[in-house]
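Since the structure comes first, as structure tokens, the remarks are kept for the end.
In this chain, residues are counted from 1 in sequence order.
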Amino acid sequence: MEHRDDTRSEVTVPHPHGTSSVVYDRQWAPDLYSSARCAAVLLGMLLLVDAVAGTLTWWRSALWISLALFLFLVLLPARVSAGEGWLASRRLLRTRRVRTDRLVAIRPRDGVAQSLVLRDTLGARVEIDPEVLLRNPDLWHRLTEAARTSETSGTLRSGTTALHQLTERIDRETALTVFRASGLE
């Protein structure tokens, strides 16, 4: 008969090759909840206004629900993960993966939402938000180490300037964060 305080040997199953060192965007879950909250607030406000006006019907409710769902899908963040020699971005219906140790180009894309476009020798393409790299030093470290490998092997033909500028920006923001935390600002 076993007692609760008996010690048992734990059986550990080894991770498949490359999965033990996978890093993820730590801010993804809070961003997901924020997207859901925004959609829920919009839905609540639309239903409340319609109910107070006395014009709430089943088809208007369906319209407001579909509008809130559309807003949630637009705000849904990509889930970024990185492992040894690869980086992936998972959206709602598709996961895009690029070999970071075989990068051909790193190109910043400006606009309303800034992004960083990575292309590899196999033709794969991933677009990520630079803020994800800023918030997650582990992801940034994976990308820069593999990009250096691509740069030294000669496959990275364009984008080294963009990578160095992003490195300077992340280093500057990290230093400011350290200064703020230590009270030296």
Return the minimal non-hydrogen interatomic distance between [X] and [Y], and the atom names on each side.
X    : Y    : answer
I128 : V126 : CG2-CG1, 3.7 Å
A68  : A39  : O-CB, 3.4 Å
T100 : W86  : OG1-N, 3.3 Å
F72  : L32  : CZ-CD1, 3.9 Å
P130 : S115 : CD-CA, 3.7 Å

Per the side-chain hydrogen bond (donor to acceptor under 3.5 Å, both in side chains) rule, what does the pair list look like for residues 69-82, sequence neighbours excluded?
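As it turns out, there is no side-chain hydrogen bond (donor to acceptor under 3.5 Å, both in side chains) pair with a partner in residues 69-82 once direct neighbours are skipped.
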
Among all residues two or more places apart in sequence or in another chain, which pass the side-chain contact (heavy atoms from CB on, under 4.5 Å) test with [X]?
X    : value
T95  : A88, R90
L46  : L42, W64, L67
S158 : A105

Nearest 0.5 Å, what's the [atom1]-[atom2] distance between [X] and [Y]?
X    : Y    : atom1 : atom2 : value
R107 : R109 : CZ    : CZ    : 7.5 Å
L76  : D31  : CG    : CG    : 10.0 Å
L133 : T144 : CG    : OG1   : 9.5 Å
T161 : L166 : OG1   : CG    : 12.5 Å

Determine, using the 4.5 Å side-chain heavy-atom cutoff (strictly less than), whether [X] and [Y] are members of one ILVMFWY cluster.
X    : Y    : answer
L116 : I170 : yes
V104 : L156 : no
L73  : W28  : yes
L48  : I65  : no

Restricting to pairs with a member in [range], which pass salt bridge (charged side-chain N to carboxylate O under 4.0 Å, His left out), not counting sequence neighbours?
range            : result
residues 60-71   : D50-R60
residues 140-155 : E84-R142, E145-R148
residues 112-125 : R125-E127

Pairwise side-chain contact, [X] with [Y], heavy-atom cut-off 4.5 Å (strictly under):
X    : Y    : answer
L118 : L87  : yes
W140 : N136 : no
E173 : L134 : yes
R99  : L122 : yes
R172 : T167 : no
I106 : V117 : no
T174 : P137 : no

Pairing residues for W58 by the side-chain hydrogen bond (donor to acceptor under 3.5 Å, both in side chains) criterion, not counting sequence neighbours:
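Not a single residue meets the side-chain hydrogen bond (donor to acceptor under 3.5 Å, both in side chains) criterion with W58.
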
Would you please name every residue forming a side-chain hydrogen bond (donor to acceptor under 3.5 Å, both in side chains) with E131, sequence neighbours left out?
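side-chain hydrogen bond (donor to acceptor under 3.5 Å, both in side chains) list for E131, sorted by chain: R169.
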
Partners meeting salt bridge (charged side-chain N to carboxylate O under 4.0 Å, His left out) with [X] (sequence neighbours left out):
X    : result
R97  : none
D129 : none
R26  : none

Is atom NE2 of H141 surrounded by more than 12 heavy atoms (other residues, nucleotides or ligands) closer than 6.0 Å?
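Open.
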
Go through it in stages, so that I can follow the logic: the residues are L75 and F70, the test is side-chain contact (heavy atoms from CB on, under 4.5 Å), and I'd like the CA-CA distance, side-chain angles, deciding distance and then a yes or no.
CA-CA 9 Å; L75 295 178; F70 179 71; over 6 Å; no

Going through the checks in order, is the side-chain contact (heavy atoms from CB on, under 4.5 Å) test met by L47 and S61?
CA-CA 7 Å; L47 290 175; S61 298; 4.0 Å; yes

L139 vs V132, test: side-chain contact (heavy atoms from CB on, under 4.5 Å). Steps then yes/no.
CA-CA 8 Å; L139 285 172; V132 171; 3.9 Å; yes

